[in-house]
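Heads up, the thing below is written out as structure tokens.
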Amino acid sequence: MSIKFLPPLRLLNPSPPVTRLPLMNVGLSINTRRSIPIFSRVFPFKLKYPGFSSRFSTRSFRPGTTGSRPEFTRRTGGERERGEARTSKSLVEDEAELSDWVSDLRTNSFRGRVTSEDESDSDMGRRNRSKRGPGRDRDSGSNRGGGREGFSMKRRRESDSDVFGEPTRRRTESTFGPPRKNRGTLGLQNEKRGQGERDLWLKRDDKGVKGERGFIDDDDDEVDDGEDERKGLMRNLGGLVTEEESDDDDDGVNGNGIFEKNALSSTGLKKEFDMKDRPSLSSSSDSFMSETRFDQCSISPLSLRGIKDAGYENMTVVQAATLPVIVKGKDVLAKAKTGTGKTVAFLLPSIEVVVKSPPLDRDQKRPPIIVLVICPTRELATQAATEANTLLKYHPSIGVQVVIGGVRIASEQRNLQANPCQILVATPGRLKDHIENTAGFATRLMGVKVLVLDEADRLLDMGFRKDIEKIIAAIPKQRQTLMFSATVPEEVRQICHAALKRDHEFINTVEEGTEDTHSKVRQMHVIAPLDKQFPLLYVILKDHIADDPDYKVIVFCTTARVTGLVAGLLGELNLNIREIHSRKAQTYRTRVSNEFRKSRGLILVTSDVSARGVDYPDVTLVLQVGLPASREQYIHRLGRTGRKGKEGEGILLLAPWEEFFLSTVKDLPLTKAPMPSIDPDTKKKVERALSQLDMNSKQAAYQAWLGYYNSQKKVGNDKYRLVELANEFSRSMGLDTPPAIPKLVLGKMGLRNIPGLRTK
Ligand SMILES: Nc1ncnc2c1ncn2[C@@H]1O[C@H](COP(=O)(O)OP(=O)(O)OP(=O)(O)O)[C@@H](O)[C@H]1O
């Protein structure tokens, strides 16, 4: 396995528009196996290998502050990504939803559902869901707020020098004085970083809503029939009790799966490090564009026309770094920051494979699928297919289709039959359903030449791994595999051999010594007890709106039910909000997603279904409320802003007992923000709004909250403390007594007989 890193910018010649740097053989030998105990490969998510705990020094470079760039170092296969000593997230999130499901079960037989609250719910949830179940919040609240409230709140915070980071870090300043444009949400101002820094992203209009070509049956508001759901429901219950149990349930990890077998067979590698094919970067140190133009590469003329029409001229760094390797037929694992064009990076060379494949036989009833793209969420799959259609504008004979959860499988089957496609974009659960249930589909998959795992680390996580294993088993071994993500934790490096060939290349476009996040995105955290969090959330949003009338905000919440509650609250407070989470019908999710993409002056309240990949242009603020499920999830959520080299702002709102999370992101430039003050009127207003909310939504949020934090080891290990905190959350919603929870749910969560809980 050879590994590619982009060189530090100072090594590059920025001026001439050359495509490649001279070949540089650094002859780095790596051995991914080394002395790693066997179990760390078999159970990569469970064991802590001491060597992994060492962190890379990440002297953060701030233009105009330190003056020197960090040394560029190469990383070997055995080295650990910085700060990634995390626990894997897996089916644990399902606990939060389990409580919902059991409630539903009591009242409506099997018309309930079990899903994860994050993106995995998009398919796993679909398997087990009937949106006709009780509490299904169908298409409601599309505009809870209605209008935007006046920006009359007077800014009142002053700078707090104590809260600023080290002097080398970007410093934030007082609210007062700077023009609106430069002011941050929390009344903070971002210091100019580097004079003359220029945005070298292509100056082109944002595409806005990308035209969809009807590849999903969007009128279809139905999910799979109840029989499928019942089966899935029962199947999933077994693995929901604890994270460990879900691991045990996973064949792929415990002895029979592809991941284990291949991980073992691909060990002992020793490949030369190869620095050829590196792109020449554009001259700005902060740019993600390369100097390589698409027309300098061996791309078919029709694809080039599509690229041109899309407004793309130069390649982004990840595109320039991966394209030459992919067109040679190599397997690639690529890491590039959020919003830097990874979708085109894998689509374009994949399309070339289709172009080079023999044309379809006219009377071939079921033409083979040549390119299979798998995405962890429905929104992302739809978006990738839209991008593919954009690139395929001048390839009328190449078809793209999408299969995703939340759409009636029968209508997808009809589409697959009626409109043969060579490129299929899918979410894992639905793809597996088609493999098992759609006539002729498995045969068509035998034509796959390219497999793409977008958000590879998420797809290889426990929540999806079983499905991915089955999918990989259903496609030819002789294929090219491409994996892309903004985060590639060491655990993923350990198991990616299962899908990638031994000689695959790891192309990391994140410079050594720099953060995985964008320097143009200000990152701050606010630590406040739960009883202050709802008013704080309101104050922060109001301030941001006052600062930027063109605001476009995403608020991430821990679970779907908590998302629903927060959306309800902010709507009650007359903010202009929309909500997306797994409890919403797919048609609604698609509609809101499209609306948010082209809107300004809007707040999207969402669960982790929107955390990865979704490309909403010009998001001004990402606000994360509560503990992110992992370091990676924090990075992906934050990545919804600052896309394409733009500026952005991220705020993480944590309770004091969640502060431990900061140690997992300590290599990122996350600074403490001064505590915004909450005036008595605001407090009362929020309390009043909370009192207007439906009791059912509070009850559901409480259960889901308990389930989520129960699954977060650091909080959930101490059940007594957990219940105290849950009851604090209940009080923060304005409830005097915590809602009662079904005994069955408490039993599943391991919370029976814990004082402070009420049962029913
Ligand atoms: N060569 C290019 N020139 C200009 N814009 C581009 C180019 N390639 C892609 N883009 C645009 O960049 C934006 C971000 O691309 P994309 O969504 O693929 O990013 P990503 O790296 O996959 O992000 P994430 O990690 O969040 O999934 C999109 O709007 C896309 O249209």
Side-chain angles (χ1 to χ4, degrees), residues 58 60 81-84 86 89 118-119 185 199 201 206 286-289 316-319 334-346 375-377 379-381 383-384 387 453-459 461 483-489 492 508-511 514-525 552-557 580 593 596-597 604-625 628-652 661 664-665 667-670:
T58 52
S60 67
E81 304 271 345
R82 54 185 170 274
E84 281 161 356
R86 55 150 196 143
K89 186 162 76 68
D118 84 341
E119 70 270 31
T185 287
D199 176 0
W201 272 85
D206 285 307
D286 219 12
S287 172
F288 303 99
M289 290 305 297
T316 67
V317 170
V318 64
Q319 290 160 4
K335 175 177 169 181
K337 290 186 190 181
T338 51
T340 58
K342 292 188 285 295
T343 317
V344 171
F346 62 70
C375 303
T377 69
E379 280 78 10
L380 194 46
Q383 186 179 286
E387 186 78 89
L453 300 187
D454 191 12
E455 309 292 345
D457 56 326
R458 183 70 189 103
L459 290 174
D461 191 5
M483 295 189 183
F484 280 74
S485 185
T487 49
V488 183
V492 170
N508 184 358
T509 67
V510 182
E511 278 174 70
T514 63
E515 297 98 11
D516 286 345
T517 53
H518 292 292
S519 59
K520 282 185 176 175
V521 176
R522 294 180 293 278
Q523 299 177 53
M524 284 168 283
H525 61 83
K552 186 164 174 177
V553 178
I554 304 183
V555 177
F556 281 104
C557 304
I580 290 186
S593 180
F596 189 68
R597 186 166 282 131
L604 181 69
V605 189
T606 182
S607 65
D608 276 343
V609 294
S610 309
R612 283 178 180 252
V614 199
D615 187 42
Y616 296 126
D618 304 314
V619 170
T620 52
L621 169 67
V622 166
L623 218 167
Q624 306 190 36
V625 184
S630 64
R631 165 194 162 82
E632 286 73 33
Q633 211 66 351
Y634 170 83
I635 291 171
H636 286 277
R637 284 161 153 201
L638 184 78
R640 297 317 98 207
T641 186
R643 296 179 77 73
K644 300 184 13 167
K646 290 185 179 154
E647 294 207 342
E649 193 173 351
I651 296 173
L652 175 62
F661 177 78
T664 67
V665 286
D667 57 315
L668 304 180
L670 195 59

Exercise. Could you check Glu649 against Arg522 for salt bridge (Lys or Arg N to Asp or Glu O under 4.0 Å), going step by step and ending with a plain yes or no?
Key: CA-CA 5 Å; Glu649 193 173 351; Arg522 294 180 293 278; 3.3 Å; yes

Exercise. For Arg631 and Asp667, run side chain to side chain contact (heavy atoms under 4.5 Å, CB included): C-alpha distance rounded to whole Å, both residues' side-chain angles, the deciding distance at 0.1 Å, then the answer.
Key: CA-CA 11 Å; Arg631 165 194 162 82; Asp667 57 315; 2.8 Å; yes

Quiz item: Stepwise, does the side chain to side chain contact (heavy atoms under 4.5 Å, CB included) test hold for Val619 with Arg643?
Solution: CA-CA 8 Å; Val619 170; Arg643 296 179 77 73; over 6 Å; no

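Here CG of Leu459 is found 8.0 Å from CZ of Arg612. Values are rounded to the nearest 0.5 Å. In this structure, CZ in Arg458 is found 10.0 Å from NE2 in His636, a value given to the nearest 0.5 Å. In this structure, OG1 in Thr338 is found 6.0 Å from CZ in Arg640, a value given to the nearest 0.5 Å. From Ile580, atom CD1 reaches atom CZ of Phe596 across 8.5 Å, with rounding to the nearest 0.5 Å. Atoms CG and CD1, from Leu621 and Ile651 in turn, are 5.0 Å apart once rounded to the nearest 0.5 Å. Atom OG1 of Thr641 sits about 10.0 Å away from atom NZ of Lys646, to the nearest 0.5 Å.
Annotation for Cys375 and Ala384: closest pair SG-CB, 4.2 Å, computed over non-hydrogen atoms. Gly650 approaches Val521 most closely through the heavy-atom pair N-CG1, 4.2 Å. Across every non-hydrogen atom of Ser593 and Glu379, the tightest pair is OG-CG, 4.1 Å.
Under the 4.0 Å criterion applied to side-chain N and carboxylate O atoms, Lys335 and Asp516 are assigned as salt-bridge partners.
When atom types are taken as modelled, the side chain of Lys552 and the backbone of Arg597 share a donor-acceptor pair closer than 3.5 angstrom. Counting only distance, with no hydrogens or angles, the side chain of Glu632 and the backbone of Pro489 share no donor-acceptor pair below 3.5 Å. Side-chain N or O atoms of Gln383 include one that pairs as donor or acceptor with a backbone N or O of Gly613 at under 3.5 Å. The closest donor-acceptor contact from the side chain of Gln633 to the backbone of Ser630 lies at 3.5 Å or more, if one exists at all. Ser485 places no side-chain N or O within 3.5 Å of a backbone atom of Val488 that could act as its donor or acceptor partner.
With sequence neighbours excluded, the residues that form a side chain to side chain contact (heavy atoms under 4.5 Å, CB included) with Thr517 are Glu515, Gln523, Ile635, Leu638, Leu668, Pro669. For Ala336, the side chain to side chain contact (heavy atoms under 4.5 Å, CB included) partners are Val318, Thr340, Lys342, Thr509, not counting sequence neighbours. Residues passing the side chain to side chain contact (heavy atoms under 4.5 Å, CB included) test with Ala456 are Leu453, Met483, sequence neighbours excluded. Applying the salt bridge (charged side-chain N to carboxylate O under 4.0 Å, His left out) test to Arg637 and every residue at least two apart in sequence or in another chain returns Asp608. Applying the ring pair (Phe, Tyr, Trp, His ring centres under 6.0 Å) rule to Phe556 yields no partners; only residues at least two apart in sequence or on another chain are considered.
In summary, the aromatic rings of His518 and Phe288 are positioned with their centroids under 6.0 Å apart.
Between Tyr634 and Leu670, some side-chain heavy-atom pair lies under the 4.5 Å cut-off.
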